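Everything on this sheet refers to the single structure shown next.
This structure is a prediction, so every number in the text was calculated from the model and none was measured. As a basis for the values below, the full set of heavy atoms in this structure was taken, side chains included, without hydrogen atoms, waters or symmetry mates. Just so it is clear: chains get the letters A, B, ... in the order the sequence lines come, proteins before strands, and each one is counted from 1.
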Amino acid sequence: MVASFPGLLSRGELLNLLHNSTTVSRVHQVHAQLITRALFSDPFVASRLLSTICELSAHVPASYADLVFSQSHQPSTFSWNTIIRFHVRSSNPNKAVLLFARMRQAGVLTDHYTYPFVLKACALLAGLEEGAAIHGDVLKKGLGEDPFVMNGLISLYCKGGEIAAARKLFDGSRSRDLVSWNSLMAGYVSRGDTAEAGRLFDAMPERDAFSWAVLIDGYGKKAGDVSRARDLFDKMPNKDLVCWNSMIDGYVGLGMIRAARELFDVMPERNVISWSILIDGYVKHGDPKEALELFQSMLGQGVRPDVISAAGAISACSQLGALDQGRWIHSYVKKHNILLDVVVETALIDMYMKCGSLDLARLLFDEMPRKSVVTWSVMIVGLGMNGFGCEAVELFYQMERRGATMDDLTFLGVLTACTHARLVCEGREIFDRMRRDFRVEPKVEHYGCLVDLLGRAGRLQEAREVIETMPGKPTSSLWGSLLASCRTHRCVELAEVVVEKLKKLGADDGGVYVIMSNIYAAEGMWNQVWKMRKLMRDRGMKKETGRSVIEVDGTIHEFVHGDCSHPHDEEIYEVLGSLSNAMP
DNA sequence: ATAGGGTTAG
């Protein structure tokens, strides 16, 4: 590598070369040269090397930056600032704060360049105490009117929820600039006070694209008022990419996919974020097929996907059971060196699980260096869903032994796994331990699981007691679940009680009477059956049509209840018939 | 100072 340089370069030439390095491997080459030329001990050279590395922060492993920093002799304020900035930028605020503390311990001078980055780190950590101490420091040094430092403080207080403190600084400042206005406005937006954000917007002496984007996002996504967002969007003079994306995301947030799509289709330029927003919109609002098509056209237009857009597409595959496409996307991202992170890997595991490919899921799971709560939960849910309830519970216990934190969805997963595997005692025990041992407050959904678990096992009275003694108001879905169990276990009396409860809650839709009439039919109570049917007719009730989708060999098939238009229609119904015969 | 990602079952 070193040989690629012609002859020996002078200090100046190397510095120049360094200045023009735009890739990590180029920096490595220059680094090697600096060492062979014994120039690395030159503090100025070392600091230039470090800052070049930090310029490329997105592509540089933190360990490399740390190494170069630790090898420099008596790093200057500039070098300290650089390494702190590096860690802030690579979203490692902990490290940045730590380095700042060491910087002060070492007695190195801190300056107006140091503070904005440390403050940013504190803001990311919501470290208000730390930040307030730094505020004191800033004042002592007389840096309170430096716009960068002050803006750092404003956004620190905004992120920490102390908007009043931010406002006080803002109001009392002589040197506030456009960024200060924008920061404060963003602060109001993030705490949901779009009205005050709007007032600031109107009062601003000048506005830039940030100002508009903050408020478009505030009205649209944060406040759910897309028409105001749209007004603003239409009024904006030179719309930039960000505000198009924010506006589209505003529509997506409310499920207005058509409107989102219309804007997407006419926007002058798109980036991978625009595509992600829409892909995710389709995923979240029930059209995973369209999401995948969109992902493919994105690739077709030569837009390089990143982890986030891939996560959306993979999610779509999970919903569709599209194993082939899911595997294809997996190998695509690997082939194109798109770094997988915990989130996509979790999405992949979920996809493999939902597509019934337990081996591939397990393989990924075991090889993951870092797992999140979601990763564990997805695995537990998947095992349960695929009929491995015992393994799911076992994994839950393993999670406990590892001391991993659990959240409400972990419990939802393990409880549903128990339901599937009829593990009534385990489920009951885990439910009881939720609050006691894990300090996770059970929500209605957890009560729903418990009711389901007990009800399916035929312990109908216990299930009813759970509903009637739970804290808070039981929802109709709890009674609905109990009603389903009443049908399974042919308990007419309780079913009638439940229907009364549902009626009181105004939740007696078509589905309820369908079940009730089935219950009567099973007992041969035909008079009651007719009564139910008549009731439904009189009220014009209909049960929603059942439907499902699955991919086979790359083609996506959709099935709708009662539909006979599939080319393999007869065979399908034959298999279906034999399956339901085989089921207990 | 502004835009995008993973989990329940029915």
| Between the side chains of A/Ser175 and A/Asp177, is a donor N or O closer than 3.5 angstrom to an acceptor N or O? | no
| task | Taking all non-hydrogen atoms of both residues into account, name the closest pair between A/Gly448 and A/Ser481 and its distance. | result | O-OG, 4.3 Å
| task | Can you sort out the partners of A/Leu364 under side-chain contact (heavy atoms from CB on, under 4.5 Å), two or more places apart, ordered by chain and number? | result | A/His330, A/Glu345, A/Leu348, A/Ile349, A/Tyr352
| Just checking, any donor-acceptor pair under 3.5 angstrom between side chains of A/Asn151 and A/Asn182? | no
Would you mind writing out the side-chain donor-acceptor pairs for residues 406-418 of chain A within the sub-3.5 Å range, not counting sequence neighbours?
{"residue": "A/Asp407", "atom": "OD1", "partner": "A/Leu409", "partner atom": "N", "Å": "3.1"}
{"residue": "A/Asp407", "atom": "OD1", "partner": "A/Thr410", "partner atom": "N", "Å": "3.1"}
{"residue": "A/Asp407", "atom": "OD1", "partner": "A/Thr410", "partner atom": "OG1", "Å": "2.9"}
{"residue": "A/Asp408", "atom": "OD2", "partner": "A/Lys443", "partner atom": "NZ", "Å": "2.9"}
{"residue": "A/Thr410", "atom": "OG1", "partner": "A/Ser377", "partner atom": "OG", "Å": "3.1"}
{"residue": "A/Thr410", "atom": "OG1", "partner": "A/Asp407", "partner atom": "N", "Å": "3.1"}
{"residue": "A/Thr410", "atom": "OG1", "partner": "A/Asp407", "partner atom": "O", "Å": "3.3"}
{"residue": "A/Thr416", "atom": "OG1", "partner": "A/Leu412", "partner atom": "O", "Å": "3.1"}
{"residue": "A/Thr416", "atom": "OG1", "partner": "A/Gly413", "partner atom": "O", "Å": "2.9"}

| No-hydrogen, no-angle side-chain donor-acceptor test under 3.5 Å, A/Tyr251 and A/Arg230 | yes
| field | Distance-only donor-acceptor check, side chains A/Tyr332 and A/Arg327, under 3.5 Å | value | no
| First and last nucleotide of DNA chain B in contact with chain A, 5' to 3', at under 4.0 Å to a heavy atom: what are they? | B/dA1 to B/dG10
| request: Rounded to the nearest 0.5 Å, what's the gap from SG on A/Cys355 to CG on A/Asp350? Could you check? | output: 9.0 Å
For residues 386-393 of chain A, tabulate all N or O donor-acceptor pairs below 3.5 Å that involve a side-chain atom, not counting sequence neighbours.
{"residue": "A/Asn386", "atom": "ND2", "partner": "A/Met353", "partner atom": "O", "Å": "3.1"}
{"residue": "A/Asn386", "atom": "ND2", "partner": "A/Gly382", "partner atom": "O", "Å": "2.9"}

| request: Classify the nucleic acid contact of A/Val344 as base, sugar-phosphate or nothing, counting any heavy atom under 4.0 Å across all strands shown. | output: base
| query | Would A/Ser246 and A/Asp249 count as having a side-chain donor-acceptor pair, cut-off 3.5 Å? | reply | no
| said: Give the residues of residues 254-275 of chain A touching DNA chain B, defined as any heavy atom closer than 4.0 Å, sorted by residue number. | reply: A/Asn271, A/Val272, A/Ile273
| request: Give me the residues of residues 186-211 of chain A where at least one heavy atom lies under 4.0 Å from an atom of DNA chain B, by number, or none. | output: A/Asp208, A/Phe210
